[in-house]
A.B. asks: 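I have a structure I would like to understand better, so I am pasting it below and will then ask my questions one at a time.
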Amino acid sequence: MSDLNQTAFGLWLPASVAGRFRPERTRGPVLRWVCRKSDQGGMKSSAGDFWDRLQTAHPIHTIRRLAGINLCLEIDRLETGLQRFAAARYVRPEYRSLSAPTANQPVEGAFFARAGVLTAIKSLIAATPFADFPPPFDPFVVGDLSLDANEIAFANPRGGVDTLDDFDVAVQSVSVWDIYNPRFLGYALARAYRMIEIVQGNDEKVVRLRTRLGWNTQPLSFEGMSLDEFAAVVFGLFSHVHQRATPSLMLGEPGGCVIDANSFLSQTALSQELLTKFLRGRSLTIEKFRARVAEDASWNRSEFIGRAGIPGFCTDYRVFRECPLMDLGAGQHLILDLQFLEELVGTGLFFHLLNQLPPGKRKTLFDLWGRVFELLVIELLEHYYPCPASSVMPRVLLSEHHFQGTRADGAKEGEVDALLDFGSEIILFEFKHFFLAQDVKDALDRTRLESELQLKLVEDEEGDPKAVRQLANIANAVRSGEIPTAAGRFNAQGSRAAIYPVIVVSDPAMEAFGVNTFLNSIFQQYASGIAGEIRPLTIMSIQELEEVLAHTSAGVFTWSELLDSRFDISFDSKRVRLWSVRQAIYDLVHEKQSASIPNEFCRLQFERIGQQILEKYRNDTVPEAGD
């Protein structure tokens, strides 16, 4: 949990797009730009050229170097020295001037960014010949393929750059948001573990849904292991890579980080059988990767050109999320992506369980996880706002409160997931566990993304209200007095309390630029006419909520100070700025020259779980970094 103070800079863009967006005053994200040949006069690069260069590459040696670069980018995302080190080794001298700063871009450009590197690896798997005697390895081919992949992964928006609006920014950023804004491993592991424990608990709705899935009589299994065993293997691999992933090792010879399954656990008490089970499910040979990427087809040049032109080709990395290691044979396994390895014990646990179920039962799992998510967030809030010891003390947190509707004020019957009552400020919460469909994110299509967001958060197919409409109704119920608050009711003297509507979600993609701005514009339509001060809608991920609670509890900033910093409120507008709550936290922490504060609830959970993991290893150690 040491990386809480890194910039939440969003994503890397082609220079022509990055130049369109600037931070307001001293606040806002730092955008990095990516080198492309097409941004320089006289230089061209096409998908056909990309194919031709792929035919000259040594597949395994080139993938190893790219995987090494990828690991370094994950561990230190903004390191200019890493870019220079990699460029000196892999980029041809005649192309190195592409990264030179310009008047519009005063910082150096990057030859290597995660989306481009992953696209290059995916292309090598799909298109490079698997010959008995592959061509000799040429380090400059690594740079050539990265530049080719950048043309695809960082292509300009379809409608052009000059006409981009807020929602266009959302369409562009939502598909790759999480690979540039990874989750904190400690928080993600603690959260996922606790959710599994709640699944096995006694909440009435949880028991009912769990029974439908047939999970009352058998423990949950992950690759044939218990959760402790599965997490112990992943955590050991992560620890090994994280200690070893320095540029000199990752970009040296032969490149990348390879796990020797024959000796990896030799100094621990963890069973070799557990590692074997894990690798059997999560490490593929390059041939098996090709079968997954190319869908068992054999691509020719025209087929590759067609596939590379489909937006999802450079945003859909599900095969690497599910299998973040490559089996090189003889017990050697290459780590392709560290973040995706981490996610196996975070959101990956949910998707593992989902993929084990027949299609007819998957909706039940979503319903179950939705309830578990609600209970988890309430538990988190209760840690920071416990019930007062005396009945005469004001109660700040109210959760799962059902209220009746009132015809006079227009509020309909409903339930508020939680609210925080600070007297002059009321924070209203709705909790929603969902993930945007991958094909929607991949499409880079305004209409499809808008429709998906409407279904997830505004109203369902039957027209029943979801979180955005529910919050407007809840705000109305506060004003009418149906929900008890200290000063929220609107009467002849007005109301002293400002209402802040907040939706807490599970999907990190909802942090992406412009998503909150778009959903707030819809919320304003439903909030129009409600008496008193209703602040704009805030969307925050569960990780952002964990950070907010830590910092507000420590007095670094208040809820209203944080939320108001993202709003642009004028006489005729209640707009939310493009960037995320995470960015606003980062900005305020730096303005106040404060240290970042870890979440105590998550820390305690992580320490408890970490002890369980360490007990799987002899002498309380995890595998040390090797040569």
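We count residues from 1, following the sequence as given. When reading the values below, keep in mind they use all heavy atoms of this one structure, side chains included, and skip hydrogens, waters and symmetry mates.
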A.B. asks: Could you measure the distance from the CZ atom of R362 to the CG atom of L357? Nearest 0.5 Å is fine.
C.D. replies: 7.0 Å
A.B. asks: Nearest 0.5 Å, please: how far is CD in Q83 from CZ in F111?
C.D. replies: 8.5 Å
A.B. asks: Under the side-chain contact (heavy atoms from CB on, under 4.5 Å) criterion, do S45 and F50 qualify, and how do the steps go?
C.D. replies: CA-CA 7 Å; S45 181; F50 192 7; 5.9 Å; no
A.B. asks: Any side-chain heavy-atom pair from F238 and V345 closer than 4.5 angstrom?
C.D. replies: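 No. Closest side-chain heavy atoms not under 4.5 Å.
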A.B. asks: Mind checking what makes side-chain hydrogen bond (donor to acceptor under 3.5 Å, both in side chains) contact with H352, not counting sequence neighbours?
C.D. replies: R282, Q356
A.B. asks: Less than 4.5 Å apart, any side-chain heavy atom of K122 and any of V319?
C.D. replies: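 Of all side-chain heavy-atom pairs linking V319 with K122, none is under 4.5 Å.
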A.B. asks: Ignoring hydrogens and geometry, is there a side-chain-to-backbone donor-acceptor pair from S239 to G236 under 3.5 Å?
C.D. replies: no
A.B. asks: I want to check something: taking the side chain as every heavy atom from C-beta on, are T56 and P135 in contact at a cut-off of under 4.5 Å?
C.D. replies: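 They are not in side-chain contact.
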A.B. asks: Could you check whether D439 pairs with R448 (Lys NZ or Arg NE/NH1/NH2 to Asp/Glu carboxylate O, under 4.0 Å)?
C.D. replies: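 Counted as a salt bridge, because a side-chain N and a carboxylate O are separated by less than 4.0 Å.
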A.B. asks: Would you say R92's side chain and D144's backbone share a donor-acceptor pair under 3.5 angstrom?
C.D. replies: no
A.B. asks: For residues G281 and E223, report the shortest heavy-atom separation together with the two atoms involved.
C.D. replies: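 Closest approach of G281 to E223, heavy atoms only: CA-OE1, 3.9 Å.
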A.B. asks: Which heavy atom in L71 sits nearest to a heavy atom in C257, and how many Å separate them?
C.D. replies: CD1-CB, 3.8 Å
A.B. asks: For a 4.5 angstrom cut-off between non-hydrogen side-chain atoms, does M43 reach Y95?
C.D. replies: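 SC-SC contact between M43 and Y95 confirmed.
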A.B. asks: Just so I know, are the side chains of F434 and M510 near enough to count as touching, which here means a heavy-atom distance under 4.5 Å?
C.D. replies: yes
A.B. asks: Strictly under 6.0 Å, is that where the ring centroids of F513 and W177 end up?
C.D. replies: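 Yes, the ring centres sit under 6.0 Å apart.
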A.B. asks: Look at the rings of F304 and W299 and say which category their plane angle falls in: under 30° parallel, 30 to 60° tilted, over 60° perpendicular.
C.D. replies: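 Because their plane-to-plane angle lies in the 30° to 60° range, the rings of F304 and W299 count as tilted.
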A.B. asks: Please step through side-chain contact (heavy atoms from CB on, under 4.5 Å) for the pair K441 and T315, ending with a clear verdict.
C.D. replies: CA-CA 8 Å; K441 294 192 293 184; T315 56; over 6 Å; no
A.B. asks: Could you tell me whether D49 and K37 have a side-chain N and a carboxylate O separated by less than 4.0 Å?
C.D. replies: no
A.B. asks: Taking R575 as the fixed residue, which of N520, T517, D166, D568 is the one that meets the side chain to side chain donor-acceptor pair (under 3.5 Å) rule?
C.D. replies: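 So, applying the side chain to side chain donor-acceptor pair (under 3.5 Å) to R575 and each of N520, T517, D166, D568, only D166 qualifies.
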A.B. asks: Regarding Q339 and R114, do their side chains bring together a donor and an acceptor under 3.5 Å, going by distance alone?
C.D. replies: yes
A.B. asks: Out of curiosity, F222 CZ to K277 NZ, how far, rounded to the nearest 0.5 Å?
C.D. replies: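 Rounded to the nearest 0.5 Å, the CZ-NZ separation comes to 13.5 Å.
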A.B. asks: Whether K288 and D327 form a salt bridge (side-chain N of Lys/Arg under 4.0 Å from carboxylate O of Asp/Glu) is what I want to check.
C.D. replies: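 Salt bridge between D327 and K288, a charged N being under 4.0 Å from a carboxylate O: no.
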A.B. asks: Mind running side-chain contact (heavy atoms from CB on, under 4.5 Å) on L436 and L453 for me, showing each step along the way?
C.D. replies: CA-CA 8 Å; L436 295 176; L453 291 172; 4.0 Å; yes
A.B. asks: Can you tell me how far the CD1 atom of I125 sits from the CG atom of L284, to the nearest 0.5 Å?
C.D. replies: 9.0 Å
A.B. asks: Please name all residues satisfying ring pair (Phe, Tyr, Trp, His ring centres under 6.0 Å) with F167, sequence neighbours left out, ordered by chain then number.
C.D. replies: F518
A.B. asks: Please answer whether the main-chain N or O of L66 pairs with a side-chain N or O of N70 as donor and acceptor at a distance below 3.5 Å.
C.D. replies: no
A.B. asks: Give a yes or no answer on whether the side chain of Q55 reaches the backbone of A127 with a donor-acceptor pair at less than 3.5 Å.
C.D. replies: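 Checked: pair present.
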A.B. asks: I542 and Y187: side-chain contact (heavy atoms from CB on, under 4.5 Å), yes or no, with the steps?
C.D. replies: CA-CA 10 Å; I542 178 62; Y187 287 15; over 6 Å; no
A.B. asks: Could you list the donor-acceptor pairs under 3.5 angstrom formed between side-chain atoms of residues 247-255 and any protein atom two or more places apart in sequence or on another chain?
C.D. replies:
| unit_1 | atom_1 | unit_2 | atom_2 | d |
| --- | --- | --- | --- | --- |
| S248 | OG | T246 | OG1 | 3.4 |
| E253 | OE1 | R65 | NH2 | 2.3 |

A.B. asks: If you define the side chain from C-beta out and look only at heavy atoms, does anything of L145 sit under 4.5 Å from S123?
C.D. replies: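 With C-beta onward as the side chain, the pair stays apart.
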A.B. asks: May I have the step-by-step check of salt bridge (Lys or Arg N to Asp or Glu O under 4.0 Å) for R183 and E511, ending in yes or no?
C.D. replies: CA-CA 12 Å; R183 305 298 91 185; E511 299 172 6; 2.7 Å; yes
A.B. asks: Step through it carefully: locate the ring centre of H433, locate the ring centre of F350, and say whether they are under 6.0 Å apart.
C.D. replies: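 Distance test on ring centres: under 6.0 Å, yes.
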A.B. asks: Do you know the tightest heavy-atom contact between I503 and A467?
C.D. replies: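 Shortest heavy-atom contact: CD1-CB, 3.6 Å.
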A.B. asks: Strictly below 4.0 Å, N to O, side chains only: are R321 and D337 in salt-bridge contact?
C.D. replies: no
A.B. asks: If you measure only the distance, is there a donor-acceptor pair under 3.5 Å linking the side chains of D168 and Q172?
C.D. replies: no
A.B. asks: Any cation-pi pair here, R36 with F154, using under 6.0 Å and within 45°?
C.D. replies: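 Cation-pi check for R36 and F154: fails.
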A.B. asks: Donor-acceptor check, side chain of S283 to backbone of L279, threshold 3.5 angstrom: yes or no?
C.D. replies: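 Side chain of S283 to backbone of L279: no pair is present.
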A.B. asks: Is any side-chain heavy atom of N516 closer than 4.5 Å to one of S580?
C.D. replies: no
A.B. asks: Could you state the interatomic distance from CG (D507) to CG (D178), rounded to the nearest 0.5 Å?
C.D. replies: 8.0 Å
A.B. asks: Evaluate the criterion salt bridge (Lys or Arg N to Asp or Glu O under 4.0 Å) for residue pair R307 and E303; output intermediate values, then yes/no.
C.D. replies: CA-CA 6 Å; R307 295 297 184 101; E303 178 73 9; 3.0 Å; yes
A.B. asks: Flag the pair D460 and K466 as a salt bridge only when some basic side-chain nitrogen lies within less than 4.0 angstrom of an acidic carboxylate oxygen.
C.D. replies: no
A.B. asks: For F289 together with F320, are the ring centres under 6.0 Å from each other?
C.D. replies: yes
A.B. asks: Side chains of S38 and E151, heavy atoms from C-beta outward: is any pair under 4.5 Å?
C.D. replies: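 The answer is yes, as the side chains (C-beta and beyond) meet within the 4.5 Å cut-off.
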A.B. asks: Which pair of heavy atoms, one from I121 and one from A67, lies closest together, and at what distance?
C.D. replies: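 Minimum heavy-atom contact is CD1-N, 4.0 Å.
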A.B. asks: Testing the basics here: between P59 and P129, what is the closest heavy-atom pair and its distance to 0.1 Å?
C.D. replies: CG-O, 4.0 Å
A.B. asks: Determine the minimum heavy-atom distance between A192 and G346, stating which atoms define it.
C.D. replies: CB-O, 3.7 Å
A.B. asks: Could you tell me whether the side chain of S146 and the main chain of V142 form a donor-acceptor pair under 3.5 Å?
C.D. replies: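 Yes, S146 side chain to V142 backbone: donor-acceptor pair under 3.5 Å.
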A.B. asks: Would you confirm whether E108, through its side chain, and S99, through its main-chain N or O, come within 3.5 Å as a donor-acceptor pair?
C.D. replies: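 A pair under 3.5 Å: no.
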A.B. asks: Using 30° and 60° as the class boundaries, would you call the ring planes of F112 and Y90 parallel, tilted or perpendicular?
C.D. replies: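 F112 and Y90: perpendicular rings.
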A.B. asks: Report the distance from atom CG of L237 to atom CG of L338, rounding to the nearest 0.5 Å.
C.D. replies: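 Between atom CG of L237 and atom CG of L338 there are 10.0 Å.
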A.B. asks: Treating Y317 as the side-chain partner and V176 as the backbone partner, does any N or O pair qualify as donor plus acceptor under 3.5 Å?
C.D. replies: no
